[in-house]
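Report on the following structure.
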Amino acid sequence: MAILDILHFPDPRLRRRAAPLGAVDEALRRMLDDMLETMYAAKGVGLAATQVNIHLRMLVADVSDDRDQPLFLVNPEIIARDGLQESEEGCLSVPGFYEPVTRAEQIRVRALGRDGQPLELETDGLLAVCIQHEIDHLDGKLFVDYLSEIKRQRIRKKLIKSQRAAEPAGLAG
């Protein structure tokens with residue numbers, strides 16, 4: 001397994017819509033495993049393929065306290081939503097920022113599992129928020145898109161500034 005590089009806002013690759021997958025094969029399972037390892041290493045609860053510059057419709061999640069209940073969703077599709085909840089969200093692609101976002105309280109999702117078999121999942125709470133957040137990534141949308149333009153621009157400017165500060169200085173010739 002390998003730890004992948006996570007793209008950071010405002011990288012334009014985060015806006016690319018992910019393509020649906022045909023079948024789940026061994027190469028795809030390796031990508032899912034790498035994504036899970038990357039998510040755990042970054043101390044996240046979810047990761048969409050788009051965030052690691054893989055533009056395919058798949059995501060991983062694990063909201064368990066012991067980090068021992070990984071969920072793999074290939075071609076996830078929300079088929080039902082109910083209620084509304086507001087919760088603080090953060091994002092591995094928008095590090096250091098947490099803002100309230102309103103999403104469905106309960107969702108039903110249809111997808112393929114890591115084994116390639118169809119599954120349906122009904123969930124609420126943190127897992128429902130996480131899945132909605134990650135599916136947004138697959139559609140080229142970030143949680144900052146739910147914020148006001150002023151807040152989004154403030155976050156964008158701060159992240160660009162911190163990215164520039166982290167870049168190595170050029171070599172003097």
Side-chain angles (χ1 to χ4, degrees), residues 1 3-9 11 13-18 20-21 24 28-29 31-115 117-147 151-152 155 159:
M1 292 200 296
I3 295 181
L4 309 169
D5 290 331
I6 297 173
L7 302 177
H8 292 124
F9 177 72
D11 192 311
R13 294 172 291 182
L14 289 167
R15 299 301 186 175
R16 191 166 157 199
R17 189 171 175 82
L21 289 142
V24 176
L28 186 69
R29 282 190 279 277
M31 278 192 268
L32 286 165
D33 291 343
D34 289 347
M35 287 172 55
L36 188 69
E37 184 177 1
T38 300
M39 181 196 76
Y40 285 147
K43 300 192 180 358
V45 295
L47 185 70
T50 303
Q51 293 177 271
V52 291
N53 203 27
I54 299 170
H55 300 283
L56 300 171
R57 293 193 74 78
M58 58 185 181
L59 65 87
V60 296
D62 187 345
V63 299
S64 67
D65 290 337
D66 293 330
R67 315 294 278 160
D68 61 355
Q69 296 174 33
L71 178 65
F72 303 90
L73 298 178
V74 176
N75 295 332
E77 173 188 8
I78 297 173
I79 56 175
R81 300 172 194 263
D82 190 41
L84 291 175
Q85 65 178 341
E86 182 180 86
S87 58
E88 286 265 309
E89 287 189 29
C91 180
L92 296 176
S93 291
V94 188
F97 293 91
Y98 301 87
E99 295 288 341
V101 175
T102 300
R103 297 193 185 270
E105 185 175 19
Q106 186 173 30
I107 60 170
R108 178 181 292 276
V109 180
R110 180 183 302 141
L112 298 176
R114 187 180 181 281
D115 58 3
Q117 295 302 306
L119 64 88
E120 271 194 28
L121 172 70
E122 192 168 309
T123 188
D124 58 9
L126 180 56
L127 185 56
V129 168
C130 179
I131 291 170
Q132 291 172 86
H133 177 110
E134 301 312 331
I135 288 175
D136 273 356
H137 276 297
L138 299 177
D139 293 332
K141 187 172 185 175
L142 285 85
F143 92 96
V144 295
D145 297 339
Y146 291 92
L147 308 178
K151 277 188 179 181
R152 189 169 43 256
I155 291 170
L159 285 173

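On a predicted model such as this, the values are computed, not experimentally measured, just so you know.
- Of all the heavy atoms in Val63 and Cys130, the pair that sits closest is CG1-CB, 4.3 Å.
- Residue-environment remark: CG (Asp65) stays at or below the threshold of 12 foreign heavy atoms within 6.0 Å.
- Glu134 is listed as a side-chain neighbour of Gln51, based on a closest heavy-atom distance under 4.5 Å.
- Once rounded to the nearest 0.5 Å, the distance linking CZ of Arg114 with CE of Met58 reads 11.5 Å.
- At least one side-chain heavy atom of Leu138 sits under 4.5 Å from a side-chain heavy atom of Leu59.
- The salt bridge (charged side-chain N to carboxylate O under 4.0 Å, His left out) search around Asp11 returns Arg13, not counting sequence neighbours.
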request  = Please assess Leu73 against Leu119 for the test side-chain contact (heavy atoms from CB on, under 4.5 Å), listing each intermediate value before the final yes or no.
outcome  = CA-CA 9 Å; Leu73 298 178; Leu119 64 88; 3.9 Å; yes
inquiry  = Let's go through Asp139 and His137 carefully: what are the C-alpha distance in whole Å and the side-chain angles of both, what is the deciding distance for side-chain hydrogen bond (donor to acceptor under 3.5 Å, both in side chains) to 0.1 Å, and is it a yes or a no?
reply    = CA-CA 5 Å; Asp139 293 332; His137 276 297; over 6 Å; no
key: Steps toward side-chain contact (heavy atoms from CB on, under 4.5 Å) verdict (Asp124, Asp82)   = CA-CA 9 Å; Asp124 58 9; Asp82 190 41; over 6 Å; no
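- In this structure a side-chain-to-backbone donor-acceptor pair under 3.5 Å is present from Ser93 to Leu7.
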inquiry  = Determine whether Ile135 and Arg57 satisfy the following criterion, side-chain contact (heavy atoms from CB on, under 4.5 Å), listing intermediate values before the conclusion.
reply    = CA-CA 8 Å; Ile135 288 175; Arg57 293 193 74 78; 4.1 Å; yes
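- Heavy-atom neighbours of Asp115 CG from other residues, nucleotides or ligands within 6.0 Å: above the threshold of 12.
- Atom CZ of Arg152 and atom CG of Leu142 lie 10.0 Å apart (nearest 0.5 Å).
- Here NE2 of His8 is found 8.0 Å from CG of Leu159. Values are rounded to the nearest 0.5 Å.
- Looking at every heavy atom in both residues, Ile131 comes nearest to Leu71 through CD1-CD2, 4.0 Å.
- Between Ala128 and Ile107 the shortest heavy-atom distance is O-CD1, 3.8 Å.
- Expressed to the nearest 0.5 Å, how far CD of Glu88 lies from CZ of Phe143 amounts to 9.0 Å.
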Would you tabulate the side-chain donor-acceptor contacts of residues 97-105 under 3.5 Å, counting partners in other chains and residues two or more places apart, or write 'none'?
unit_1 : atom_1 : unit_2 : atom_2 : d
Glu99  : OE1    : Lys151 : NZ     : 3.1
Arg103 : NE     : Glu89  : OE1    : 3.4
Arg103 : NE     : Glu89  : OE2    : 2.5
Arg103 : NH1    : Asp136 : OD2    : 2.9
Arg103 : NH1    : Tyr146 : OH     : 3.4
Arg103 : NH2    : Glu89  : OE1    : 3.1
Arg103 : NH2    : Asp136 : OD2    : 3.4

Quick one: side chains of residues 35-48, donor-acceptor pairs under 3.5 Å with protein atoms, not counting sequence neighbours, listed by atom name and distance.
unit_1 : atom_1 : unit_2 : atom_2 : d
Glu37  : OE1    : Ala2   : N      : 3.3
Thr38  : OG1    : Leu4   : N      : 2.8
Thr38  : OG1    : Asp34  : O      : 2.8
Tyr40  : OH     : Asp62  : OD2    : 2.5
Tyr40  : OH     : Arg67  : O      : 3.3

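- Summarising the geometry, atom CZ belonging to Arg15 is positioned 11.5 Å from atom OG1 belonging to Thr50; distances are rounded to the nearest 0.5 Å.
- When all heavy atoms are compared, the tightest approach of Ala61 to Leu127 is CB-CD1, 4.3 Å.
- The backbone N or O of Ile79 sits nowhere less than 3.5 Å from a side-chain atom of Arg108 that would complete a donor-acceptor pair.
- With Asn75 contributing its side chain and Leu21 its backbone, the two residues share a donor-acceptor pair below 3.5 Å.
- Checking side-chain atoms of Arg110 against main-chain N and O of Glu77 turns up no donor-acceptor pair under 3.5 Å.
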